Novice: 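Structure incoming, see below.
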There are 2 protein chains.
Amino acid sequence: MAGKAAEPQVIWARPERTGRGPRPAFTRADIAAAAVRIADAGGLEAVSMRHVAAELGCGTMSLYNYVPRKEDLYELMIDAVGAEHEIREPSGDWRADMIRNAEETRAIMHRHTWVPRLMSGVYGFSPNTLRYLEHCLACLDPLDVPYGVKTELVALLNGVVTTYTANEIATAERTRSMPWSEEEENAVRIAYLGSQVATGAYPRLAAAFMEDSGPIDLEAVFRRALERVLDAFDPDRG
Amino acid sequence: MAGKAAEPQVIWARPERTGRGPRPAFTRADIAAAAVRIADAGGLEAVSMRHVAAELGCGTMSLYNYVPRKEDLYELMIDAVGAEHEIREPSGDWRADMIRNAEETRAIMHRHTWVPRLMSGVYGFSPNTLRYLEHCLACLDPLDVPYGVKTELVALLNGVVTTYTANEIATAERTRSMPWSEEEENAVRIAYLGSQVATGAYPRLAAAFMEDSGPIDLEAVFRRALERVLDAFDPDRG
DNA sequence: CCTAGTTACGTACAGCGTACGTAGTGCGCT
DNA sequence: AGCGCACTACGTACGCTGTACGTAACTAGG
């Protein structure tokens with residue numbers, strides 16, 4: 001009735017090549033790599049259909065043969081960085097393996113600081129995501145709980161990794177984009193926080209800031225959070 | 001040297017009114033409320049400076065007197081929904097109180113589905129955010145650990161709430177924006193997942209899907225995740 | 001009272017996603 | 001073998017975005 005309609009919305013469900021017509025000049029991997037390159041160099045806002053097309057050396061609208069909507073380009077990008085996970089044989093120590101996975105995810109996100117911003121609103125079942133998920137479950141083979149619990153562990157851990165790393169990146173980028181130095185920015189921030197705290201409305205926040213006002217080791221904070229989550233699933237926790 | 005420069009980057013650090021010149025026609029709260037109204041009705045992509053100005057009944061560029069950059073408008077929006085947290089006297093049971101806080105955050109996000117997308121990349125020290133943080137610490141008064149641990153608990157819990165709710169919203173919106181029904185979408189999705197799983201490359205994912213393929217209770221999944229996180233901090237855990 | 005700093009806002013510009021139309025190409029079917 | 005159709009390629013154009021800049025009106029501090 002309504003003309004076209006009813007193609008698969010999810011890019012992974014549509015075949016990369018149908019066999020009819022001229023050979024496509026690029027693969028999805030080519031396109032994803034170009035977009036990733038641009039995002040790494042100029043941030044997520046530099047990723048426009050025009051820029052990606054230019055990077056590939058083709059007309060802007062040609063891109064739409066491969067990527068029906070820009071949102072799908074994002075999906076390709078997430079999948080592309082997912083390929084950077086180094087899948088290795090599980091060691092038998094599920095805690096150590098999961099920590100390694102989490103640290104690797106964090107490293108990937110620090111390498112591609114736009115990833116966390118894309119994580120909300122992405123389908124989540126790209127080939128490399130599935131590959132990584134399967135790998136996590138393999139690492140959890142020694143843990144004797146139902147698969148339902150294992151998937152909850154993976155979801156929880158990934159969530160923590162994403163939010164923690166997103167925060168690290170956000171604060172880092174904020175200070176980077178400043179025309180002034182990091183010290184100045186921190187001074188302004190502390191001054192503001194101090195002025196708020198000084199009103200007496202936030203006594204516990206004030207106490208918390210008093211407790212440790214030195215420079216914080218983000219890596220250590222991250223590690224502690226991981227251990228906490230794993231503790232919650234460890235039957236042998238002491 | 002370079003002309004202007006060096007105004008506070010963070011909107012909360014600049015005063016709402018300086019005392020000089022004509023009385024401003026709106027407050028920050030007015031602007032935030034207008035933006036929230038638009039986002040609730042038309043999604044985050046409907047929030048443009050022009051739309052917000054029109055909603056307020058003023059010229060587009062007048063908005064820039066109040067909000068130097070669009071990013072700051074987002075900041076106002078996050079603060080505005082933060083006001084929806086109902087701060088009530090802690091009960092003495094920190095687990096119950098924190099679960100209540102988390103459920104309330106989840107409810108707010110479901111009421112304003114654009115919140116999770118804005119959480120990455122926002123400053124995080126708006127007045128209402130500080131208020132909420134202070135409240136969480138107050139709820140944790142009965143827990144006898146250093147403030148450092150308490151703030152880590154709050155951060156971890158908020159992270160979990162955000163990612164879980166973001167996922168719920170993402171899948172819900174995906175099926176809503178379909179021209180076809182939810183059943184059809186699910187059929188396509190299951191068909192795709194099934195085709196992937198059928199390759200034999202993901203045996204554990206296959207097993208996990210076999211284990212429970214019925215409709216899942218998202219609320220219960222969320223609750224379990226909360227309990228897990230709280231377990232990790234509970235000295236009295238059995 | 002004067003004047004500097006503010007509010008208000010119209011205009012303008014560069015860039016965005018993408019609908020649409022047209023031309024060329026090569027696989028699959030008859 | 002060759003027809004036809006589905007595909008690739010891409011230029012043009014439209015409506016929208018954020019916001020720099022200039023101008024006019026206004027008001028509080030010195």
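This is a predicted model, so every value here is computed, not measured. Residue numbers start from 1 in every chain, and the chains themselves are labelled A, B, ... in the order their sequence lines are given, proteins ahead of strands.
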Novice: By the 4.0 Å heavy-atom rule, please label B:Val52 as base, sugar-phosphate, or nothing.
Specialist: nothing
Novice: In plain terms, say whether B:Arg69 and B:Asp72 are close enough for a salt bridge, that is, a side-chain N and a carboxylate O under 4.0 Å apart.
Specialist: yes
Novice: Check the distance between D:dA6's P and A:Arg17's CZ and give it to me in whole angstrom.
Specialist: 16 Å
Novice: Using only heavy-atom distances, decide whether a donor-acceptor pair under 3.5 angstrom links the side-chain of A:Arg50 to the base of C:dG17.
Specialist: yes
Novice: Return the value, rounded to whole Å, for the distance between atom CD of B:Glu45 and atom P of D:dG18.
Specialist: 12 Å
Novice: For A:Leu73 and C:dG17, give me the distance from atom CG to atom P, rounded to whole Å.
Specialist: 9 Å
Novice: Would you indicate which nucleotide in C:dT18, D:dG18, D:dA9 comes nearest to any side-chain atom of B:Lys70?
Specialist: D:dG18
Novice: Are side-chain N/O atoms of B:Ser62 and B:Asn65 paired as donor and acceptor at under 3.5 Å?
Specialist: no
Novice: Take the protein atom CD of B:Glu71 and the nucleotide atom C1' of D:dT19, then report the distance between them rounded to whole Å.
Specialist: 14 Å
Novice: Measure the CZ-CD1 distance between B:Arg106 and B:Ile108 for me, rounded to the nearest 0.5 Å.
Specialist: 12.5 Å
Novice: How is A:Ala53 classified with respect to the nucleic acid when contacts are heavy atoms under 4.0 Å: base, sugar-phosphate, or nothing?
Specialist: nothing
Novice: What is the distance, rounded to the nearest whole Å, between atom CZ of A:Arg23 and atom C1' of C:dG24?
Specialist: 17 Å
Novice: How long is the gap from CG on B:Leu226 to CE on B:Met98, to the nearest 0.5 Å?
Specialist: 9.5 Å
Novice: CZ/A:Arg111 to CD/A:Glu84 distance, rounded to the nearest 0.5 angstrom?
Specialist: 4.5 Å
Novice: For DNA chain D, find the residues of residues 55-66 of chain A with a heavy-atom distance under 4.0 Å and give them by number; none if there aren't any.
Specialist: A:Cys58, A:Gly59, A:Met61, A:Ser62, A:Asn65, A:Tyr66
Novice: If I take atom OH from residue A:Tyr64 and atom NZ from residue A:Lys70, how far apart are they, to the nearest 0.5 angstrom?
Specialist: 8.5 Å
Novice: Measure from CE on B:Met49 to P on D:dG15 and round the result to the nearest Å.
Specialist: 23 Å
